[in-house]
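Data block below; observations after.
Here the structure is a predicted model, which means the values were calculated and not measured. Every chain is numbered from 1 and lettered A, B, ... according to where its sequence line falls, protein lines coming before strand lines.
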Protein chains: 2
Amino acid sequence: MNIENTQSQMRKGILEFCILSVIRRGEAYPSDIVEEMKAANLNILEGTLYPLLTRLKNAEMLTYRWVESNSGPPRKYFSLTPKGEAFYGELEATWNELANAVHALTKK
Amino acid sequence: MNIENTQSQMRKGILEFCILSVIRRGEAYPSDIVEEMKAANLNILEGTLYPLLTRLKNAEMLTYRWVESNSGPPRKYFSLTPKGEAFYGELEATWNELANAVHALTKK
DNA sequence: TATAGTACTATGCAACACAAAGTACTAATC
DNA sequence: GATTAGTACTTTGTGTTGCATAGTACTATA
C-alpha cells in the first residue's frame with residue numbers, strides 16, 4: 001500500500017476516457033496522443049497505450065488508417081467511430097459524476 | 001468494453017481515498033462509512049469495503065476498537081493512525097493532480 | 001552493411017472492485 | 001427456550017487494466 005500503486009489504480013479506466021478525448025479532437029497517431037497527454041501532465045506508457053488502442057479498435061470505438069511517414073516507418077492514424085463518439089459521451093458523464101462525488105465527499 | 005466496467009475501473013484506487021476521508025473526519029464504523037459515501041453518490045459494496053478496511057488496517061493506516069451496540073451485534077470503529085494521516089495527504093495530492101490533468105485534457 | 005531512431009506488437013504480473021457465500025451477535029417473535 | 005430477522009463482519013474467486021519488459025518492423029544515416 002503505497003502512493004505509486006494507488007496512483008496506478010486511480011488511473012484505471014480514466015486513461016481510456018483521456019485517449020478518446022484526444023482522438024475526438026482530431027485524427028491522431030500514438031505519439032501525438034502521448035505528447036498531448038504529457039502536455040496535460042498525464043504520462044502514458046506504450047505498454048498501456050497500444051493494448052488500449054487495440055481494445056478500443058476491437059470494440060469498434062476507433063478506426064484507423066496507415067499513413068506513410070516521410071521520416072521513418074508508417075504511422076497508424078486513429079479516429080472515432082460513431083459508436084466511439086456515443087461511448088465518449090457516456091464516459092464523460094461517468095467521469096464527471098465520479099469527480100463531483102469525490103469532491104463533495106472530501107472537501108466538506 | 002462497456003460503461004459499467006469502465007466505471008468500476010475508474011473507481012479503483014479512489015475508494016481508498018474516500019474511505020480515509022470519511023474516517024479522518026471522525027471515528028466511524030462500516031455502516032457509517034457506507035451512509036456518508038452514499039450521501040455523496042458513491043455507493044460502495046461490502047465485498048469492497050471490508051477487504052479495503054482490512055488492507056488499510058494491515059498497512060497501519062487505520063486502527064480500530066470494538067464498541068458494544070445497544071441494538072445488535074458489536075461494531076468495529078475505525079480511526080486514522082498518524083501514518084494514515086500522512087498517507088491521506090499524499091492521496092489528496094495525487095487525486096487533485098489526476099483530476100486537474102483530466103480536466104485540462106478533456107475540457108479544451 | 002550496421003546502427004539509430006521511430007513505430008508498433010505481445011506477454012505476464014499485481015492489484016482491486018465486484019459478486020456471492022458464509023459466520024456471528026443481538027433482539028424480537030412464537 | 002427455539003426460531004427468525006436484522007445487523008455486522010469475513011472470506012473467496014473472478015475479470016479487467018496499468019505497468020513492465022521483450023521483441024519485431026520500417027526508414028534514414030553513417
Side-chain angles (χ1 to χ4, degrees), chain A residues 1-20 28-35 37-38 42-59 61-62 64-78 91 94 98 101-102, chain B residues 1-20 28-35 37-38 42-59 61-62 64-78 91 94 98 101-102:
Chain A
M1 186 152 282
N2 64 63
I3 199 64
E4 286 81 27
N5 175 59
T6 304
Q7 181 181 35
S8 172
Q9 298 294 330
M10 280 186 180
R11 289 154 66 89
K12 291 190 176 182
I14 292 174
L15 296 183
E16 188 175 312
F17 173 49
C18 296
I19 287 171
L20 286 177
Y29 85 107
S31 284
D32 284 334
I33 297 169
V34 170
E35 292 307 317
M37 290 183 71
K38 187 180 298 182
L42 275 170
N43 298 312
I44 185 166
L45 305 171
E46 38 186 271
T48 300
L49 179 59
Y50 287 102
L52 183 38
L53 288 170
T54 300
R55 289 200 306 267
L56 286 164
K57 185 223 39 170
N58 289 339
M61 308 293 181
L62 294 180
Y64 67 80
R65 62 187 180 111
W66 285 104
V67 176
E68 294 293 332
S69 159
N70 55 14
S71 63
R75 299 163 172 177
K76 206 177 221 180
Y77 275 82
F78 292 89
L91 285 174
T94 299
L98 180 61
V102 173
Chain B
M1 186 153 280
N2 64 64
I3 198 63
E4 285 81 26
N5 176 59
T6 304
Q7 180 179 36
S8 171
Q9 298 294 332
M10 280 184 179
R11 288 155 66 88
K12 289 191 177 181
I14 293 174
L15 295 183
E16 187 175 312
F17 173 49
C18 295
I19 287 172
L20 287 177
Y29 85 105
S31 282
D32 284 335
I33 297 167
V34 169
E35 291 307 316
M37 290 182 71
K38 188 182 296 182
L42 276 170
N43 299 310
I44 185 165
L45 304 171
E46 40 187 90
T48 299
L49 179 59
Y50 286 103
L52 184 39
L53 287 170
T54 301
R55 290 201 306 271
L56 287 164
K57 184 220 44 169
N58 290 340
M61 308 294 180
L62 293 180
Y64 66 80
R65 64 187 179 110
W66 285 103
V67 177
E68 293 293 334
S69 161
N70 56 12
S71 63
R75 299 165 172 177
K76 205 179 222 179
Y77 275 81
F78 291 90
L91 285 174
T94 299
L98 181 59
V102 173

Is any side-chain heavy atom of [Y] closer than 4.5 Å to one of [X]?
X	Y	value
L52(A)	I19(A)	yes
V67(A)	Y29(A)	no
R75(A)	W66(A)	no

- Note on the structure: Here the side-chain hydrogen bond (donor to acceptor under 3.5 Å, both in side chains) pairs for residues 44-59 of chain A, sequence neighbours left out, are none
What is the nucleic acid contact for [X], judged by heavy atoms within less than 4.0 Å: base, sugar-phosphate only, or nothing?
X	result
L52(A)	sugar-phosphate
P30(A)	sugar-phosphate
T48(A)	base

Atom pair distance, as rounded to whole Å: [atom1] in [X] and [atom2] in [N]:
X	N	atom1	atom2	result
F78(B)	dA8(D)	CZ	C1'	11 Å
K57(B)	dT11(D)	NZ	C1'	14 Å
F17(A)	dG18(D)	CZ	C1'	18 Å
Q9(B)	dA14(C)	CD	P	17 Å
L42(A)	dT17(D)	CG	C1'	16 Å
L45(B)	dA8(D)	CG	C1'	16 Å
L49(B)	dA19(C)	CG	C1'	15 Å
E4(A)	dA15(C)	CD	P	13 Å

I need the [X] [atom1] to [Y] [atom2] distance, nearest 0.5 Å.
X	Y	atom1	atom2	answer
L98(B)	M10(A)	CG	CE	7.0 Å
L49(A)	I33(A)	CG	CD1	5.5 Å
L56(A)	F78(A)	CG	CZ	9.0 Å
I14(A)	L91(A)	CD1	CG	11.0 Å

- Query: How far apart are the closest heavy atoms of K12(B) and K12(A), and which atoms are they?
  - Reply: CD-CD, 4.2 Å
- What are the two closest heavy atoms between G13(A) and T6(B), and how far apart are they? O-CG2, 3.6 Å
Examine [N]: is either OP1 or OP2 under 4.0 Å from a nitrogen or oxygen in the side chain of [X]? Give yes or no.
X	N	value
R55(B)	dA17(C)	yes
R11(A)	dG18(D)	no
K76(A)	dT9(C)	yes
N5(A)	dC16(C)	yes
Y50(B)	dC9(D)	yes

- Give the B/S/- string for nucleotides 21-30 of chain D, one per nucleotide from 5' to 3', where a protein heavy atom under 4.0 Å of the base yields B, of only the sugar-phosphate yields S, and otherwise -. BB---BS---
- Mind grabbing the angle between the end helix axes of the helix from dT1(C)-dA30(D) to dC30(C)-dG1(D)? Five pairs an end, 10° rounding. 20°
- Item | Closest nucleotide among dC16(C), dC19(D), dC9(D) to the L15(A) side chain | dC19(D)
